[in-house]
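Notes to accompany the following structure.
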Amino acid sequence: MASGRSAVALALCAVLALCSLSAVAAAAKSTSTITGKVMVPAGSASPADAVVHVHTQDGRHLTVFCDIDGSFAIRDLPRGKHMLQPFMVGQHYPEFRLDSTSRGGAVATYLNPQTKQLQQVVEPLLLRPFGEMRFYEARKSMDVLAIIKSPYGIMAIILLGFMFAMPSMKVEPEEYREFQKQIGITPDVPVPGQKAVKAK
């Protein structure tokens with residue numbers, strides 16, 4: 001009897017061990033470790049100041065801090081599609097869509113604002129910034145041609161044209177009276193800008 005019970009106990013222990021190993025193997029297959037590096041431009045802050053935020057598919061929020069060289073590792077990340085956002089003060093990083101279901105490693109996709117196209121980054125992920133973070137729009141240089149083409153510029157050009165053209169259009173009194181005689185008007189009508197002169 002004792003030997004029979006010990007055999008049953010050993011069999012139960014073996015079954016429990018196999019179940020636990022299968023559970024561990026299943027958990028290992030359902031999670032992954034994502035590695036990468038946050039690239040920082042020369043002359044900016046230390047790469048160790050960078051932080052990687054991960055919004056998982058199941059609604060969790062993970063925060064991963066970088067090493068002194070900017071490298072990071074996201075451990076026990078559930079397999080699926082997640083959102084990854086690097087952050088560093090003064091730098092503008094894109095928001096990545098992380099797909100950890102691929103057998104060849106994780107793939108991050110982001111939208112390039114310059115080309116308006118989707119681009120991919122494979123593991124190990126090298127996350128590069130678009131540029132410096134700008135909180136205001138850069139002031140444009142003065143465009144003289146745009147000012148001339150504007151309605152105000154056209155009006156100014158017309159007024160200047162009148163100012164320079166009117167003096168050359170001045171009519172002499174004798175020529176004006178001669179013109180009045182030719183068209184049959186009494187010459188006593190005053191010339192524009194001149195006082196009336198009575199005929200003797």
Side-chain angles (χ1 to χ4, degrees), residues 23-162:
V24 171
K29 290 182 179 180
S30 62
T31 60
S32 60
T33 299
I34 310 300
T35 59
K37 186 175 183 180
V38 178
M39 309 302 293
V40 178
S44 58
S46 172
D49 297 333
V51 179
V52 178
H53 298 282
V54 181
H55 299 274
T56 63
Q57 190 174 5
D58 56 2
R60 291 187 299 162
H61 178 207
L62 307 177
T63 302
V64 181
F65 296 92
C66 298
D67 293 335
I68 191 170
D69 61 343
S71 60
F72 64 91
I74 309 172
R75 306 184 188 279
D76 300 329
L77 182 68
R79 291 190 179 275
K81 297 181 180 179
H82 318 286
M83 298 303 297
L84 187 147
Q85 177 65 66
F87 174 78
M88 186 173 187
V89 177
Q91 299 297 326
H92 180 208
Y93 287 89
E95 188 177 52
F96 295 86
R97 182 179 180 182
L98 181 64
D99 187 356
S100 61
T101 59
S102 176
R103 295 182 179 179
V107 178
T109 307
Y110 69 97
L111 178 64
N112 191 323
Q114 297 178 351
T115 61
K116 305 298 182 182
Q117 295 180 353
L118 293 176
Q119 296 186 354
Q120 289 185 344
V121 180
V122 296
E123 193 176 0
L125 307 176
L126 298 180
L127 310 181
R128 305 179 186 276
F130 288 144
E132 295 184 358
M133 183 71 73
R134 295 184 180 274
F135 299 96
Y136 58 90
E137 185 178 356
R139 184 176 180 181
K140 297 181 180 179
S141 59
M142 185 176 63
D143 190 354
V144 179
L145 185 60
I147 296 176
I148 294 175
K149 291 182 178 179
S150 66
Y152 299 102
I154 296 174
M155 290 176 61
I157 292 174
I158 293 174
L159 291 176
L160 289 174
F162 275 115

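Position 1 is the first residue of the sequence; numbering continues from there.
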Over 12 non-hydrogen atoms of neighbours within 6.0 angstrom of CG in L160: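 More than 12 within 6.0 Å, yes.
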
Could you go through the side-chain contact (heavy atoms from CB on, under 4.5 Å) check for R97 and M83 one step at a time? CA-CA 5 Å; R97 182 179 180 182; M83 298 303 297; 4.3 Å; yes

Within the distance-only criterion (no hydrogens, no angle test), does the side chain of R79 pair as donor or acceptor with the backbone N or O of S100 below 3.5 angstrom?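 Indeed, once roles are kept as given, a pair shorter than 3.5 Å links the two residues.
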
Does any N or O in the side chain of T109 come within less than 3.5 Å of the main-chain N or O of Q119, such that one atom is a donor and the other an acceptor? no

Sub-4.5 Å side-chain heavy-atom contact between [X] and [Y]:
X    : Y    : value
L126 : M39  : yes
I154 : I158 : yes
T63  : V51  : yes

About how many Å separate [atom2] of [Y] and [atom1] of [X], when rounded to the nearest 0.5 Å?
X    : Y    : atom1 : atom2 : result
L127 : Y110 : CG    : OH    : 9.5 Å
L62  : R75  : CG    : CZ    : 13.0 Å
S44  : M88  : OG    : CE    : 5.0 Å
T31  : I74  : OG1   : CD1   : 13.0 Å

Between [X] and [Y], which heavy-atom pair has the shortest distance, and what is it?
X   : Y   : result
Q91 : P41 : OE1-CG, 3.6 Å
K37 : D69 : CE-O, 2.9 Å
R60 : P78 : NH2-CG, 3.1 Å
H61 : H55 : CD2-CE1, 3.7 Å
V40 : P47 : CG2-CA, 3.8 Å
Q85 : E95 : OE1-CB, 3.3 Å

Take L77 and L98 through the test side-chain contact (heavy atoms from CB on, under 4.5 Å) and record every step on the way to the result. CA-CA 11 Å; L77 182 68; L98 181 64; 3.8 Å; yes

Does the side-chain contact (heavy atoms from CB on, under 4.5 Å) test come out yes or no for Y93 and V38, once each step is laid out? CA-CA 9 Å; Y93 287 89; V38 178; 3.4 Å; yes

Quick one: do V54 and I34 satisfy side-chain contact (heavy atoms from CB on, under 4.5 Å)? Show the steps, please. CA-CA 11 Å; V54 181; I34 310 300; over 6 Å; no

Qualifying residues under side-chain contact (heavy atoms from CB on, under 4.5 Å), relative to P124, sequence neighbours excluded: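 side-chain contact (heavy atoms from CB on, under 4.5 Å) list for P124, sorted by chain: T35.
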
